[in-house]
Amino acid sequence: MKSDNVKAGAAQAPHRSLFNALGFTEEEMKKPMVGIVSSYNEIVPGHMNLDKIVNAVKQGVAEAGGVPVVFPAIAVCDGIAMGHLGMKYSLVTRDLIADSTESMALAHQFDALVMVPNCDKNVPGLLMAAARINVPTVFVSGGPMLAGRVKGKKTSLSSMFEAVGAHAAGTMTEEDVLEYEQKACPTCGSCSGMYTANSMNCLTEALGMGLGGNGTIPAVYSDRIRLAKHAGMAVMEMYRKNICPRDIITKEAILNALTVDMALGCSTNSMLHIPAIAHEIGFDFDIALANEISEKTPNLCHLAPAGPTYMEDLNEAGGVYAVMKQLADINLLYTDCMTVNGKTIGECIANATNKDPEVIRPLDNPYSKTGGLAVLKGNLAPDGSVVKRSAVVEEMMVHEGPARVFDCEEDAIAAIKCGKIVAGDVVVIRYEGPKGGPGMREMLNPTSAIAGMGLGSSVALITDGRFSGASRGASIGHVSPEAAVCGPIALVEEGDIISINIPEMKLNVNVSDEEMAKRKEKWQPREPKVTSGYLARYREMVTSGNRGAILEIPGQNK
């Protein structure tokens with residue numbers, strides 16, 4: 001046992017004295033020690049129920065012969081952090097979570113781990129940690145929230161943000177906004193659409209790191225408690241068979257995850273997190289792979305905000321495994337990949353069925369023949385940019401319009417709400433990238449304001465920041481290189497014509513190379529927005545969005 005390093009032998013007598021202080025029995029000293037990484041807190045709705053999940057995991061571990069030991073991981077609620085300084089701290093916590101979990105697990109020599117995350121950066125951060133630590137590990141999340149209901153229709157957090165925009169436009173009363181406020185988020189759990197948290201939890205199944213149902217069983221269902229108990233039992237079986245994360249998270253598993261991402265229509269944030277997870281196993285992931293896989297992967301689901309269905313509907317329709325079964329039927333998955341239950345992906349999905357073709361489209365009737373995400377390149381984004389094309393209306397798939405340029409999110413929101421943005425415009429928000437933010441803020445407020453004011457089918461938004469999974473419309477993020485390092489987005493001027501062609505994967509500004517070169521000569525770097533604390537250290541180490549905003553030692557960046 002790895003934990004024998006702190007429990008066995010004469011030299012470990014001081015260590016054992018400390019285990020005695022913890023109340024360990026002599027019998028427990030002889031059993032595998034399983035770390036339960038609990039992301040429970042009382043500020044994130046998706047995490048307020050994780051104490052129950054953790055207790056169920058502990059029961060499963062103990063029943064299967066292990067000794068469960070809980071330690072914490074942090075988590076930020078992106079919704080509460082949205083639209084102010086707090087959003088600078090969202091993405092950056094992914095690396096804090098990975099680093100602190102690695103530190104705790106290796107410092108205390110756990111034999112195995114069960115990760116209990118739920119929300120946006122918490123899931124990928126713990127996946128990164130799992131790949132680093134490489135002891136038997138299972139993921140079991142807290143599950144998605146049930147959809148809200150307003151005036152007889154299902155709704156979610158994205159509708160809440162859009163209601164604010166509609167109120168600003170004078171098309172919704174204060175009483176209606178209040179009704180949304182009270183009903184949009186009716187239960188604990190990760191927000192009910194295919195936003196980032198649910199995207200990443202679904203992808204734990206595709207990667208093979210979570211049991212079937214981990215991405216879709218609602219937080220308030222008792223099935224979630226049973227799943228947690230089985231996760232505790234599964235990790236002990238993994239321990240006995242010595243199945244570790246790097247046996248599961250392989251290059252082929254990463255490509256499976258990207259394929260499932262395309263079929264589900266996941267958040268654009270997955271194009272930050274998949275490269276970061278790939279980096280941990282030594283796979284230099286090029287985001288251009290997204291287009292290659294998208295070209296052959298049908299988009300089978302339109303969950304909110306892309307459509308009227310929610311995570312509870314996907315769960316009832318058969319869940320992630322039902323989607324994967326259809327993809328495997330046309331040979332789009334590597335079915336020999338190992339999973340946490342000791343079976344291959346092919347074995348796991350063999351009996352999965354699509355129980356609702358309105359929620360999961362059959363292969364002969366997809367929403368589109370191509371996947372939900374696209375990577376656009378051009379003279380405005382030489383290293384790439386990302387758009388959730390499954391959430392873009394047809395009339396905005398090809399668009400050309402004048403740039404309305406803003407150097408921060410707040411200025412853009414003010415202009416949108418004051419009616420200064422009109423049909424045809426292309427809103428450019430820059431200096432919000434990983435370094436420029438710092439922290440690469442999500443732009444749910446401006447995209448929701450655009451949609452709420454009735455401009456979703458006529459105005460595009462481009463940023464070196466990123467978008468919430470709740471964003472919809474022609475919202476193009478992760479523009480790389482970012483403005484802070486003099487990427488072309490820093491050189492765009494008010495009124496420049498920007499050309500967007502999503503089917504052809506192109507993003508250009510109609511300015512000559514010669515003119516762009518002249519502008520670059522005159523460009524001056526901006527003073528850092530933050531000069532102390534974690535964000536300042538993060539700014540110095542973070543790479544660009546197209547590389548997953550991973551951290552590297554300065555001077556060693558590619």
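Predicted model only: the values in this text are computed from it and were never measured.
Interatomic distance, Asn198 CG to Met311 CE, rounded to the nearest 0.5 Å: 4.0 Å. The CG atom of Asp425 sits 8.5 Å away from the OG atom of Ser458 when rounded to the nearest 0.5 Å. In this structure, His478 NE2 and Asp383 CG are separated by 14.0 Å, a value rounded to the nearest 0.5 Å. The CG atom of Leu333 sits 9.0 Å away from the CD1 atom of Ile330 when rounded to the nearest 0.5 Å. Once rounded to the nearest 0.5 Å, the distance linking SG of Cys266 with CG of Asn201 reads 10.5 Å.
Here Tyr367 pairs with His302 under the ring-ring contact (aromatic ring centres under 6.0 Å, His included) rule; sequence neighbours left out. Among residues two or more places apart in sequence or in another chain, the side chain to side chain contact (heavy atoms under 4.5 Å, CB included) test is passed with Val393 by Glu395, Met396, Ser457. Qualifying side chain to side chain contact (heavy atoms under 4.5 Å, CB included) partners for Lys518, counting only residues two or more places apart in sequence or in other chains: Glu515. Under the rule for a ring-ring contact (aromatic ring centres under 6.0 Å, His included), Tyr431 has no partner lying at least two apart in sequence or in another chain. With sequence neighbours left out, the ring-ring contact (aromatic ring centres under 6.0 Å, His included) criterion links Phe283 to Phe285. A search for side chain to side chain contact (heavy atoms under 4.5 Å, CB included) contacts involving Ser158 returns Ser156, Tyr195, Pro305, Ala470, not counting sequence neighbours. Partners of Arg430 by salt bridge (charged side-chain N to carboxylate O under 4.0 Å, His left out), not counting sequence neighbours, listed by chain and number: Asp407. Contacts of Lys154 classified as salt bridge (charged side-chain N to carboxylate O under 4.0 Å, His left out), with partners at least two apart in sequence or in another chain: Glu312, Asp313.
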Under 3.5 Å, which donor-acceptor pairs link side chains of residues 485-500 to any protein atom two or more places apart or in another chain?
from: Glu493; atom 1: OE2; to: Arg519; atom 2: NE; distance (Å): 3.4
from: Glu494; atom 1: OE1; to: Val405; atom 2: N; distance (Å): 2.9
from: Glu494; atom 1: OE2; to: Arg404; atom 2: NE; distance (Å): 2.6
from: Asp496; atom 1: OD1; to: Arg519; atom 2: NH2; distance (Å): 3.4
from: Asp496; atom 1: OD2; to: Glu493; atom 2: N; distance (Å): 2.8
from: Asp496; atom 1: OD2; to: Arg519; atom 2: NH1; distance (Å): 2.7

All N/O donor-acceptor pairs, side-chain side in residues 77-89, below 3.5 Å, sequence neighbours left out:
from: Asp78; atom 1: OD1; to: Ser90; atom 2: OG; distance (Å): 2.6
from: Asp78; atom 1: OD2; to: Ser90; atom 2: OG; distance (Å): 3.2
from: Asp78; atom 1: OD2; to: Lys121; atom 2: NZ; distance (Å): 2.6
from: His84; atom 1: ND1; to: Gly86; atom 2: N; distance (Å): 3.0
from: His84; atom 1: NE2; to: Ile80; atom 2: O; distance (Å): 2.8
from: His84; atom 1: NE2; to: Ala81; atom 2: O; distance (Å): 3.3
from: Lys88; atom 1: NZ; to: Gly437; atom 2: O; distance (Å): 2.2

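Environment of NZ in Lys529: crowded, with over 12 heavy atoms of neighbouring residues, nucleotides or ligands closer than 6.0 Å. Within a 6.0 Å sphere centred on CD1 of Ile43, heavy atoms belonging to other residues, nucleotides or ligands number 12 at most. The 12-atom threshold is exceeded at CZ of Arg389, counting heavy atoms of other residues, nucleotides or ligands nearer than 6.0 Å.
Side chain of Asn508 to main chain of Gly378: no donor-acceptor pair is present (N/O by atom type, distance under 3.5 Å, no hydrogens or angles).
The shortest heavy-atom contact between Leu376 and Asn501 is CD2-O, 4.4 Å. Considering every non-hydrogen atom in both Ser544 and Ser480, the closest pair reads CB-OG, 4.3 Å.
For residues 163-172, the set of pairs meeting the salt bridge (Lys or Arg N to Asp or Glu O under 4.0 Å) definition, not counting sequence neighbours, is empty. The salt bridge (Lys or Arg N to Asp or Glu O under 4.0 Å) analysis of residues 90-100, with sequence neighbours excluded, yields the pairs Asp99-Arg132.
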| field | Intermediate values then yes/no, side chain to side chain contact (heavy atoms under 4.5 Å, CB included), Met194 and Leu314 | value | CA-CA 10 Å; Met194 188 54 81; Leu314 179 59; 4.1 Å; yes
